[in-house]
Amino acid sequence: MSPARRATPTDAEELVRLRKVMLDSYRGPDPDTGWQPAAIETLRERLAVPDGSLMAFVVDRPEGSGGAGPGLASCAVGTIEYRLGGPGNPTGTSGHVFNVATDPDLRRRGYSRACLEALLEWYRSRGVRKIDLHASREGEPLYTSLGFARTPDPSMRLTFQDLVRPDPPREPARPATGRTRHGSRH
């Protein structure tokens, strides 16, 4: 049985802590933690949506493992994105994996693999065929072993510096079922 479990809104703070572990591991230590409260709030909201487009799987820190004490040992977080279809992906549905992280003192125990395998199964159950991620040098062997391959697609980014803190993205409203207040059916 996999040690990974589906994350809940109560895991948000630990997921953000692990995100900082991941970011610091390849960018170098960064004292900026001002982004964390907004990230925690966004995660709590998005993880509370049962069939939402964001999912996280986690492994709890084993008892007696020392380190940071109780909390999470590892995580994998991903989203489902909807774009215009194209060759090889007619529906345009794609997944993006991000924030695969394990506390340094608990690495090499299969925790990231367990989280990522659970996330990939979630994508499969949702009919997502194409899944992308950005691989660190340390993570690439794991991703390759799970079937990921390098792509030739170029990537660019634009950041609006004048937007200090936009409202967190909301899940799209789901159509109501049953009768409206005017008596017509949806």
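Side-chain atoms are counted along with the backbone in the values below, which use heavy atoms only and exclude waters and symmetry mates.
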Asks: Establish whether L116 and V21 are linked, either directly or via other cluster members, by ILVMFWY side-chain heavy-atom contacts under 4.5 Å.
Replies: no
Asks: M55 vs L119, test: side chain to side chain contact (heavy atoms under 4.5 Å, CB included). Steps then yes/no.
Replies: CA-CA 7 Å; M55 179 58 64; L119 185 61; 4.1 Å; yes
Asks: Considering all heavy atoms of both residues, which atom of A4 and which atom of A118 are nearest to each other, and what is their separation?
Replies: CB-CB, 4.3 Å
Asks: Roughly how far, to the nearest 0.5 Å, is CG of D103 from OG of S74?
Replies: 8.5 Å
Asks: What's the spacing between L54 CG and T42 OG1 if we round to 0.5 Å?
Replies: 10.0 Å
Asks: Between T102 and R109, do the side chains contain an N or O donor and an N or O acceptor separated by less than 3.5 Å?
Replies: no
Asks: Flag the pair R17 and E13 as a salt bridge only when some basic side-chain nitrogen lies within less than 4.0 angstrom of an acidic carboxylate oxygen.
Replies: no
Asks: Hey, are the side chains of T91 and N89 touching, using non-hydrogen atoms and a 4.5 Å cut-off?
Replies: yes
Asks: Can you find a heavy atom in the side chain of R19 that is under 4.5 Å from one in the side chain of F98?
Replies: yes
Asks: Going through the distances and angles, do Y111 and V58 end up as a side chain to side chain contact (heavy atoms under 4.5 Å, CB included)?
Replies: CA-CA 8 Å; Y111 295 155; V58 298; over 6 Å; no
Asks: Atom CD in E140, atom CG in L133: separation rounded to 0.5 Å?
Replies: 9.5 Å
Asks: May I ask you to decide whether E14 forms a salt bridge with R61, counting only side-chain N to carboxylate O separations under 4.0 Å?
Replies: no
Asks: Hey, is R5 close enough to D11 for a salt bridge, meaning N to O under 4.0 Å?
Replies: yes
Asks: Please give me the minimum heavy-atom distance between G95 and V128, naming the atom from each residue.
Replies: N-CG1, 3.4 Å
Asks: Taking L43 as the starting point, is it possible to reach F57 by hopping between hydrophobic residues whose side chains are less than 4.5 Å apart?
Replies: no
Asks: Give the minimum heavy-atom separation between R44 and P9, together with the two atoms involved.
Replies: CG-O, 3.4 Å
Asks: Does any non-hydrogen side-chain atom of R126 lie less than 4.5 Å from one of S53?
Replies: no
Asks: Would you kindly say whether T93 and R83 are connected by a side-chain donor-acceptor distance under 3.5 Å?
Replies: no
Asks: Just list the side-chain donor-acceptor pairs under 3.5 Å for residues 28-39, sequence neighbours left out, or say none.
Replies:
{"unit_1": "D30", "atom_1": "OD1", "unit_2": "D32", "atom_2": "N", "d": "2.9"}
{"unit_1": "D32", "atom_1": "OD1", "unit_2": "G34", "atom_2": "N", "d": "2.9"}
{"unit_1": "W35", "atom_1": "NE1", "unit_2": "D32", "atom_2": "O", "d": "3.1"}

Asks: Could you give me the CA-CA distance, side-chain angles and deciding distance for C115 and V59, then say whether side chain to side chain contact (heavy atoms under 4.5 Å, CB included) is met?
Replies: CA-CA 7 Å; C115 292; V59 171; 3.7 Å; yes
Asks: Could you give the distance from OG (S136) to CG (L142), rounded to the nearest 0.5 Å?
Replies: 9.5 Å
Asks: Without swapping roles, check the side chain of Y123 against the backbone of T79 for a donor-acceptor pair under 3.5 Å.
Replies: yes
Asks: For the OG1 atom of T144 and the CG atom of L146, what is their distance to the nearest 0.5 Å?
Replies: 9.0 Å
Asks: Might you point out which heavy atoms bring L15 and A7 nearest each other, and give the distance in Å?
Replies: CD1-CB, 4.1 Å
Asks: Can you pull out every salt bridge (charged side-chain N to carboxylate O under 4.0 Å, His left out) where at least one residue sits in residues 84-101? Sequence neighbours excluded, please.
Replies: none
Asks: Can V100 and Y143 be said to form a side chain to side chain contact (heavy atoms under 4.5 Å, CB included), step by step?
Replies: CA-CA 10 Å; V100 178; Y143 307 137; 3.5 Å; yes
Asks: Using every non-hydrogen atom in the two residues, find where R150 and A135 come nearest and quote the distance to one decimal.
Replies: NH2-O, 4.0 Å
Asks: In terms of hydrophobic clustering (I, L, V, M, F, W, Y; side-chain heavy atoms under 4.5 Å; direct or indirect links), are Y26 and V97 co-clustered?
Replies: no
Asks: Determine, using the 4.5 Å side-chain heavy-atom cutoff (strictly less than), whether I80 and V77 are members of one ILVMFWY cluster.
Replies: no
Asks: With rounding to the nearest 0.5 angstrom, report the SG to CE distance, C75 to M22.
Replies: 8.0 Å
Asks: Can you see which heavy atom on S25 is nearest to which on R107, and at what distance?
Replies: CB-NH2, 4.4 Å
